[in-house]
Amino acid sequence: MKWVKLFIFYGCILLLLCNVTAASSNILNVGGPWSPKTTDPHIDGYSYQRLGIIDTLVDVDQDAALIPGLATNWQVSGDQLTWTFTLRDGVVFHDKTPFTAAAMKKSLEDSLVKSKTFANVPIKEIKAPSDNILEIVLSTPFSGLPAYMAKGESGALSPDCIDQGDITRPIGTGPFIFESFTPKEEIRTVKNPNYWGKVPSVDGVVYTSIPDAVTRSMMLQSGEIDISLINPPEVTEKFQSMAGFTVKDQPIHRVRIMAYNCEEGPFTDKLVRQAINYAIDRQALVTYVMEGVGSPAASTFPPEFFWANKDLQPFPYNPDQAKSLLTQAGWTDSNNDGILDKNGEKFSITLLTYPERAELPPMAEVIQDQLKKVGIEVEIVVVDVDSSNARRNKGDFDIYLLGRGLLFTPDPDEVMMTDYHSSGTSGDGWCAYRWSNPEVDELIEKARGIIDPSARKSLYDRVQEIVVDEAPVSYLNYYVNQDIYSDRVKGYRMHPTELSYHLEEVSLS
Amino acid sequence: MKRFILLRLFQTIPVLIGITFIAFLLMMVTPGDPAEINLRAMMNTESPPKEAIEQMRMEMDLDKPWYIQYYSWLSRVLHGDLGYSYQTRKSTVEEILRAFPVTFLLSSIAMLFSIIIAIPIGILAGIHPNGKLDHLSRGISIIGLSIPDFFLGILGILIFSITLKILPVAGYKGPEYLILPAFALSISLFAVTMRLMRTSMAEELEQEYITTAISKGLDRGTIIRRHALKNAIVPVLTYMGTQYGWLFGGAMIIESLFALPGMGRLFVDAAASRDIMVMQACIMVFAIIFIIINLCIDISYYLLDPRMRDTHE
């Protein structure tokens, strides 16, 4: 019986070790999948921006449109080369030094050296003519500049902080003050009582990095975290009906698309591409693959976004229409084997996708099934994301199924240039392949030089209309982020471009 | 004794050369310029100047044939210079030093669990084959082997963290955070160890020398402790030793599930982001752990089994 005693002895030791600390009263605990790579926001700024440690000159609102941040307004000179930002008065850094144009100049110059975010932004010089005026001089006109001033990597850091070189304590101007960071574990912040905007109601935030969504959901249940970020449908489903928790949905700037090979094969014919648009049951994809989370897509931007062409509607599911378009294009089932053919060639195609976004391969199977119903034979090829992209760039595919991020920079220019302008579609990339339209090119180029957002939007609306009609890509559905939070949490909202968690607006009961 | 250990150490050299070569090949076949990666970190800039990269390439002998590159890389590694992480711009050694203790503790606790539980039960079951305890331990082993460790982890969380609220779910903020993951990790090792100990013990007790000892009138406790156990534990030690290496490298899923910042997660993250130098370092650490363990097993054989001493001296 000696070993029984040993058992009990060790058991007691284990129990002694376990002293789970109860969640302190006014500290908000957030759990999410990611962990920042460094403590230097100018290398990798998104985490520090989302947690409200740093502010940027320009902010982004709920419709993904630009609004004032640390700059109250901005304008561009007649030659479109000098952007003038008027800075907010009375803002101080967390170390009590005042936020001035000179400090911002120093901070931005540091960003330009350290971050790859600004590699394609033609900034020539940054000037600080007075305390609250900052001028950014460009080498060529660039209407997307303010959007880049909303990126975390452009966040304002205090001059002392920049002098550290390798920044280990980011000192910003945001609603929360950085306290500590442990790689792959957590970031701790405390509230900034002197914040220029809404002063946080919580005393501080602990962000814990938990890669596994199931683990996050269990921590939520045990009360170790109050908010669990980014959860898959199989997790949120359980919480929908569970008392004490709320599941929040937010469409984000990412759309699932099928891009066609417009250079070679059956999809060089516009009629065939349009036929596919009718052959896909978009609602079924959402219902069966995404477990009802998400909505069918009409165009590249979700309708909640400022830049979306709200007149466009998702294609209805109409296999008869698809068949008649295919017949019109010369594809008929002449030998009655259930598969269409034209000039003796079978309509047999390759659909390329990748498994890193877990929903894509099952989605490919549903699409395979739907296309079979109109007489198209689909072979699915699933390879890792880099290999799939390399195949796409060589033209070794007929349809490329992918998830496409749209507003990494909250301005449509970048995505329009790379995805639909002939300079982008002719080279390596992700979206439309070897497709071009002179009117689209002209509209996108024209939009680059226009500053007024609504005037620019009308040009992009027309681009979206042409793309939907010409169908170099089919839009399937939008990504939806689902966060879960406990009933302790009040006032939490999610951001469409994921630039902020707005934790300053959250209170705990 | 000394000669034996020296000989075994000497024998690990070719193995080490093989492993370092494989790790080195990884750098050769993966795209990305090591000189540029190092400079990005050292100068803390996204795009280091071209001349500096050229200079660095020359210093690192990257312009030379592969065998000189290997030699120069190996000498850098031996001086503790494993390059920089592409992701964090920190030195790889720093990353490893942060992750290593977590996994070391985790796998050691898992090991300890299975020693404390599996060996005594295995011995008792072996002494009384087909007794109640034997059947029970067989049942536990089958369950333990068939349940995947992550599932057991989730089950453990549901019971101990959510229902009983005595253990935290996940994270790494103190020693109590390692109990559930170590338990989940130990289960398959525990199951096999217990069966192995049982079989080995039962077999040993059927040996003729045991019958002799019994007929000589030695009491049962002494026979088991002094004679049978010493022989029976040798195969169990071998198994546990090699399994320790697997525990070390195989903790990836458990580390992700329990959000522990250990070697497994470091390796997975590095692989996902193609952080070559971190991957290289992880591979070498895993390999060296294996080598050290094997060395320890051999030495323990040597101490436990006098026959081994004869062959080597």
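Just so it is clear: chains get the letters A, B, ... in the order the sequence lines come, proteins before strands, and each one is counted from 1. Computed over heavy atoms, backbone and side chain alike; hydrogens, waters and symmetry mates excluded.
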### From CG (A:Asp212) to CD1 (B:Ile253), nearest 0.5 Å
10.5 Å

### Query
Roughly how far apart are B:Leu257 CG and A:Met218 CE, rounded to 0.5 Å?
6.0 Å

### Task
Inspect the surroundings of CZ in B:Phe267 and state if more than 12 heavy atoms from other residues, nucleotides or ligands are less than 6.0 Å away.
yes

### Task
Kindly say whether B:Pro168 contributes a backbone atom to a donor-acceptor pair with the side chain of A:Glu224 at under 3.5 angstrom?
no

### Summary
dist A:Thr38:OG1 -> B:Arg89:CZ (nearest 0.5 Å) comes out at 7.5 Å

### Message
Please report the interatomic distance OG(B:Ser85) to NZ(A:Lys37), rounded to the nearest 0.5 Å.
### Response
8.5 Å

### Query
Among all residues two or more places apart in sequence or in another chain, which pass the side-chain hydrogen bond (donor to acceptor under 3.5 Å, both in side chains) test with A:Lys114?
A:Asp40, A:Asp110

### Query
Considering only heavy atoms, which portion of B:Ile154 lies under 4.5 Å from any heavy atom of chain A: side chain, backbone, both, or neither?
both

### Task
For residues A:Thr215 and B:Ala170, report the shortest heavy-atom separation together with the two atoms involved.
CG2-CB, 3.2 Å

### Message
For B:Met43 and A:Val113: C-alpha separation, side-chain torsions, deciding distance, then whether side-chain contact (heavy atoms from CB on, under 4.5 Å) applies.
### Response
CA-CA 10 Å; B:Met43 300 174 73; A:Val113 174; over 6 Å; no

Listed pairs under 3.5 Å, donor-acceptor, residues 179-186 of chain A side chains, sequence neighbours left out:
from	atom 1	to	atom 2	distance (Å)
A:Lys184	NZ	B:Asp269	OD2	3.4
A:Glu186	OE2	A:Arg188	NE	2.8

### Query
Have A:Ser209 and B:Arg265 got a donor and an acceptor in their side chains that come within less than 3.5 Å?
yes

